[in-house]
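Only one structure is covered here, and it is reproduced in the block below.
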Amino acid sequence: MIDMNTKILGLIGHPLAHSLSPRLHNYYLQEHDLNYVYLPFDIKPEDFSDAVAGLRAINFKGVNITIPYKEKIIDYLDWVSEQAQHIGAVNTVVNEGGVLKGYNTDTPGFIRMLKEDGEFDIEGKKAVIIGAGGASKAVGFALCRKGISKILLLNRTIDRAQKLIKIWQGIYPDVEMDYGGLKDERYIETFKKYQLLIDTTPVGMVPDTDVKAVISPQYLHSDLLVVDLVYNPLETVLIKEAKKEGANTLNGMGMLLYQGIESFSLWTGIKPEDTGLKNDLFM
Ligand code: ATR
């Protein structure tokens, strides 16, 4: 029950139409009988600074930060974890007595999904990442931290891929790296050498589900684990094509859940163990 001691958590982004985070966090808060509430806040860009000032003024316990503010929030924080600094994006803010601390839980969320849901050991493997936006940054760092041997980054806008590769190379010089465009056959024909392919683009997400996969399915193969970070729909066109080729597949639901569990634990000190939510967050 909400009373004088209820602590406030929330989500700040714009637009917020399809977020599952309020359901996820309120479910765990109830399950663990914690006196918190998690609310969505759709904040327009011109109101962003006031909203962050409000977090301190109203004494929020913490917030998730989502598109388009994961990078912008960094300038407003008192402290940012080394991992989030490397990634250049914060998705979780904890208010410790007026000190705002920033973390990125997408990276551990992604690592846990590969390990637990994909039974995939990153060490020594080769990976293709498609897309060079915010999600790609967290994925690239996750792979580098866990000992990937090679990353090929393909993006529609090649310049963006080049820039990101440069940043990664500066921090992880031992990982072999290459980049190219989405239709660059020089690269796509080498897909057989890779064991992991991650699509970080929104291609195939509702409402535009009836589209071509982001790369030509002819290059997919049965020794690949294909990950699409989209979770709505659970089966994107890429996942369907990958299954046809006999590849293992994962959608983005695991990462959503596991990053949420990490954030929850930063705010409350409790790490929920019940992961059954993955199967019915949409219901
Ligand atoms: P996010 O933070 O979710 O990663 P983002 O920063 O906007 O979002 O990045 C979206 C990524 O998806 C980008 O790599 C984008 O390619 P560009 O850099 O060329 O813009 C990619 N993307 C978006 N729509 C795409 C499409 N229709 N085809 C191919 N790539 C697409």
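Quick note: numbers below take in every heavy atom, side chains included, and nothing from hydrogens, waters or symmetry partners. As the structure lists them, so they are numbered: ligands from 1, and atoms in each ligand from 1.
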Using a 3.5 Å cut-off and no angle test, enumerate the donor-acceptor pairs between side-chain atoms of residues 253-262 and protein atoms at least two apart in sequence or in another chain.
residue	atom	partner	partner atom	Å
Y258	OH	D117	OD1	2.8
Y258	OH	D117	OD2	3.3
Y258	OH	K278	NZ	3.0
Q259	OE1	N91	ND2	3.4
Q259	NE2	L256	O	2.9
E262	OE2	K271	NZ	2.9

Under-4.0 Å salt bridge between R186 and D178: no

Results of ring pair (Phe, Tyr, Trp, His ring centres under 6.0 Å) for Y36 - residues two or more places apart only: none

Side-chain donor-acceptor pair present, Q218, S216, cut-off under 3.5 Å: yes

Side-chain donor-acceptor contact under 3.5 Å, T236 with D228: yes

Protein residues having a heavy atom less than 4.0 Å from any atom of ligand 1: I67, G131, A132, G133, G134, A135, N155, R156, T157, R160, L182, T201, P202, V203

Members besides Y194 in its Ile/Leu/Val/Met/Phe/Trp/Tyr cluster (side-chain heavy atoms under 4.5 Å): V128, I130, L152, L154, L182, Y187, I188, F191, L197, V203, V211, V214, I215, Y219, L220, L224, V226, V237, L238

